[in-house]
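Working notes, structure below.
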Number of protein chains: 2
Amino acid sequence: MTNAESADLSAKHALLEAAQRLFAANGFEKVSMRVLTQEAGVNLAAVNYHFGSKEGLIEAVVESYINPVNELRLQRLTDAEAEGTPGVETILDCFLRPVLESVRSSALSEKLFFQMMGRCMNDRGLGNLPATSIALFEKVTTRYPVALQRICPQLKLEEILWRLHFTVGALIHVLIHTEGLRIVSRGKIGNPSVEGILTMVKSYCSAGIQAPPNEL
Amino acid sequence: MTNAESADLSAKHALLEAAQRLFAANGFEKVSMRVLTQEAGVNLAAVNYHFGSKEGLIEAVVESYINPVNELRLQRLTDAEAEGTPGVETILDCFLRPVLESVRSSALSEKLFFQMMGRCMNDRGLGNLPATSIALFEKVTTRYPVALQRICPQLKLEEILWRLHFTVGALIHVLIHTEGLRIVSRGKIGNPSVEGILTMVKSYCSAGIQAPPNEL
DNA sequence: GTCTATAAAGTGATAGAC
DNA sequence: GTCTATCACTTTATAGAC
């Protein structure tokens with residue numbers, strides 16, 4: 001590796017690292033490239049050199065968060081289906097757990113990581129995600145409903161899609177707003193572990209998905 | 001009413017009306033006071049005269065959306081409890097329906113209204129809402145769990161709070177992201193009426209809230 | 001690849017005339 | 001209450017030297 005390449009990688013890496021931290025804590029809009037480059041210890045112009053624009057940097061960060069999660073979701077579902085016909089709880093585990101596991105491959109603290117993940121899924125709006133992320137999302141929102149319908153044949157695909165929609169909402173809300181709720185509720189929600197929260201989300205969403213079908 | 005008061009009210013009203021429309025469509029951050037005042041047909045300085053600052057205008061709009069909903073939530077629960085012990089579905093109806101009904105007392109289109117409501121609950125983060133809104137939220141998040149525990153005595157209050165947290169997440173997600181999903185899913189979610197969506201949310205969340213309790 | 005310097009445009013807020 | 005003019009500052013992006 002030449003010096004130039006090494007410098008390139010370290011500057012690029014420093015930008016990505018600072019971007020993750022600052023975007024997670026403050027949101028994409030509120031972080032200026034001046035503050036970000038200062039925090040990263042690189043020059044202001046480096047953002048445009050390495051990522052083309054602020055938007056390019058945002059997309060790089062979003063992809064680095066969302067894509068591994070969705071790839072893991074597909075892999076886990078494939079694994080589960082190889083072992084038989086997974087139940088609703090198992091399918092939900094395949095869907096939800098990758099979010100928790102990605103936290104370990106991140107340099108961010110747990111709280112910041114979850115906020116970042118929530119922001120990626122929320123602030124950008126699904127429609128204007130990077131193309132690679134949209135493609136993965138489409139695979140996920142195609143395969144999971146099929147898996148669910150296999151063991152919930154009483155539900156129309158349409159209603160499964162809606163119930164997965166509600167499930168995603170519960171997940172994102174927990175990721176983004178649980179810290180705030182902890183403060184506002186003055187401790188009334190207790191202090192469950194991440195695994196404990198996952199258990200509660202799974203039992204709630206599993207029951208919701210298996211609710212009696214509605215007339216559509 | 002004097003001319004001055006009339007002029008005051010109409011300028012203030014025009015600002016609020018434009019703020020609702022623009023904030024709903026573009027978010028609080030992205031709307032500049034220059035664009036907003038131009039849209040409202042008033043002078044740039046009017047924002048600071050009538051609301052003190054951009055932040056003051058935002059808070060006025062947020063209050064005007066959130067507070068009526070939470071007041072209605074409290075009223076509906078009071079009414080339901082006057083007629084006996086409401087079930088989970090009834091309690092959820094008291095909680096969710098006020099969001100839909102407020103749409104009719106708004107000048108906004110249905111889509112914009114729902115986005116605005118979602119933004120009020122989401123973008124600001126619960127912690128930094130106006131004081132009156134926080135007080136109402138605290139009443140709601142005190143009374144509803146009590147009502148739920150009355151008919152779900154097998155659940156600890158702590159778990160009820162978490163399940164209400166998930167419910168709010170599903171609601172907000174539907175408000176903000178359903179239009180986007182409609183596009184991305186290429187019509188696969190069908191075209192249910194607002195009342196139809198409410199029915200689906202209620203049955204999902206009702207089943208989720210009544211799921212078997214977890215070890216905490 | 002990295003830097004400085006700067007362009008070009010935007011922001012919220014306010015003093016002061018009317 | 002409403003207006004103009006302007007302040008003081010921030011933003012992203014880029015040209016050009018090194």
Side-chain angles (χ1 to χ4, degrees), chain A residues 1-63 119 123-125 128-130, chain B residues 1-63 119 123-125 128-130:
Chain A
M1 187 183 285
T2 68
N3 273 346
E5 276 166 349
S6 154
D8 173 5
L9 284 179
S10 76
K12 205 167 177 176
H13 184 267
L15 277 171
L16 281 171
E17 190 279 328
Q20 290 174 26
R21 217 157 13 87
L22 296 176
F23 287 155
N26 309 111
F28 300 110
E29 318 273 353
K30 284 191 174 163
V31 177
S32 75
M33 295 300 94
R34 274 182 170 70
V35 169
L36 195 146
T37 49
Q38 201 166 358
E39 190 79 9
V42 306
N43 188 272
L44 171 61
V47 173
N48 290 71
Y49 180 79
H50 288 288
F51 298 95
S53 65
K54 175 179 183 176
E55 185 60 26
L57 174 58
I58 293 175
E59 293 202 351
V61 172
V62 169
E63 279 178 314
R119 275 190 211 285
D123 292 15
R124 313 250 81 202
N128 29 8
L129 286 174
Chain B
M1 188 182 283
T2 68
N3 274 345
E5 276 167 345
S6 154
D8 173 4
L9 284 178
S10 76
K12 205 167 177 176
H13 184 267
L15 278 170
L16 281 171
E17 191 277 329
Q20 290 172 27
R21 216 157 14 86
L22 296 176
F23 287 155
N26 309 110
F28 301 109
E29 318 273 353
K30 283 192 174 164
V31 178
S32 77
M33 294 301 93
R34 277 177 171 76
V35 168
L36 193 147
T37 50
Q38 200 166 0
E39 190 79 11
V42 306
N43 188 273
L44 171 61
V47 173
N48 291 73
Y49 180 80
H50 289 288
F51 298 95
S53 65
K54 175 178 184 177
E55 185 61 26
L57 174 58
I58 293 175
E59 293 202 351
V61 172
V62 170
E63 279 178 313
R119 274 190 212 285
D123 291 15
R124 312 250 82 203
N128 29 7
L129 286 174

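Letters A, B, ... are given to chains in the order of the sequence lines, protein chains preceding strands, and every chain is numbered from 1.
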Inset, instruction - Working to the nearest 0.5 Å, report the span between CD of A:E39 and CD of A:E17. - result: 8.0 Å
Legend entry - Interatomic distance, A:E29 CD vs D:dT11 P [rounded to whole Å]: 13 Å
Legend entry - Interatomic distance, B:E55 CD vs C:dG12 C1' [rounded to whole Å]: 12 Å
Legend entry - Any residue of residues 30-43 of chain B with a heavy atom less than 4.0 Å from an atom of DNA chain C: B:V31, B:S32, B:M33, B:R34
Inset, instruction - Check whether any side-chain heavy atom of A:F51 lies under 4.5 Å from a side-chain heavy atom of A:E59, and answer yes or no. - result: no
Legend entry - d(CZ, B:F51; P, C:dA13) in whole Å: 13 Å
Legend entry - Residue A:A45, side-chain atoms from C-beta onward, closest of C:dT4, C:dT14, D:dT2: C:dT4
Inset, instruction - Could you list by number each residue of residues 19-28 of chain A showing a heavy-atom separation from DNA chain C of less than 4.0 Å, or answer none if no residue does? - result: none
Legend entry - Between C:dC3 (P) and A:N48 (CG): distance, integer Å: 14 Å
Legend entry - Heavy-atom closest contact (A:N48 atom, A:S53 atom, distance): ND2-CA, 4.1 Å
Inset, instruction - Take atom CG of B:L15 and atom C1' of D:dG1, then tell me their distance rounded to the nearest Å. - result: 12 Å
Legend entry - Nearest-Å distance for atom pair CG/P, residues B:L57 and C:dT11: 15 Å
Inset, instruction - Take the protein atom NZ of B:K54 and the nucleotide atom C1' of C:dG12, then report the distance between them rounded to whole Å. - result: 8 Å
Inset, instruction - Compare all side-chain heavy atoms of A:F23 with those of A:V62 and state whether any distance is below 4.5 angstrom. - result: no
Inset, instruction - Nearest 0.5 Å please: distance from the CG atom of A:L57 over to the NE2 atom of A:H50. - result: 11.0 Å
Inset, instruction - Measure the spacing between CE of B:M33 and CG of B:L44 and express it to the nearest 0.5 Å. - result: 9.0 Å
Legend entry - Rounded distance (Å) that lies between atom P of C:dC3 and atom CG of A:L44: 11 Å
Inset, instruction - Measure the spacing between CD of A:Q38 and CG of A:N43 and express it to the nearest 0.5 Å. - result: 11.0 Å
Inset, instruction - Tell me whether the guanidinium CZ or amine NZ of A:R119 lies under 6.0 angstrom from the six-membered ring centre of A:F28 and within 45° of its axis. - result: no
Inset, instruction - Working to the nearest 0.5 Å, report the span between CD1 of A:I58 and CG of A:L129. - result: 12.0 Å
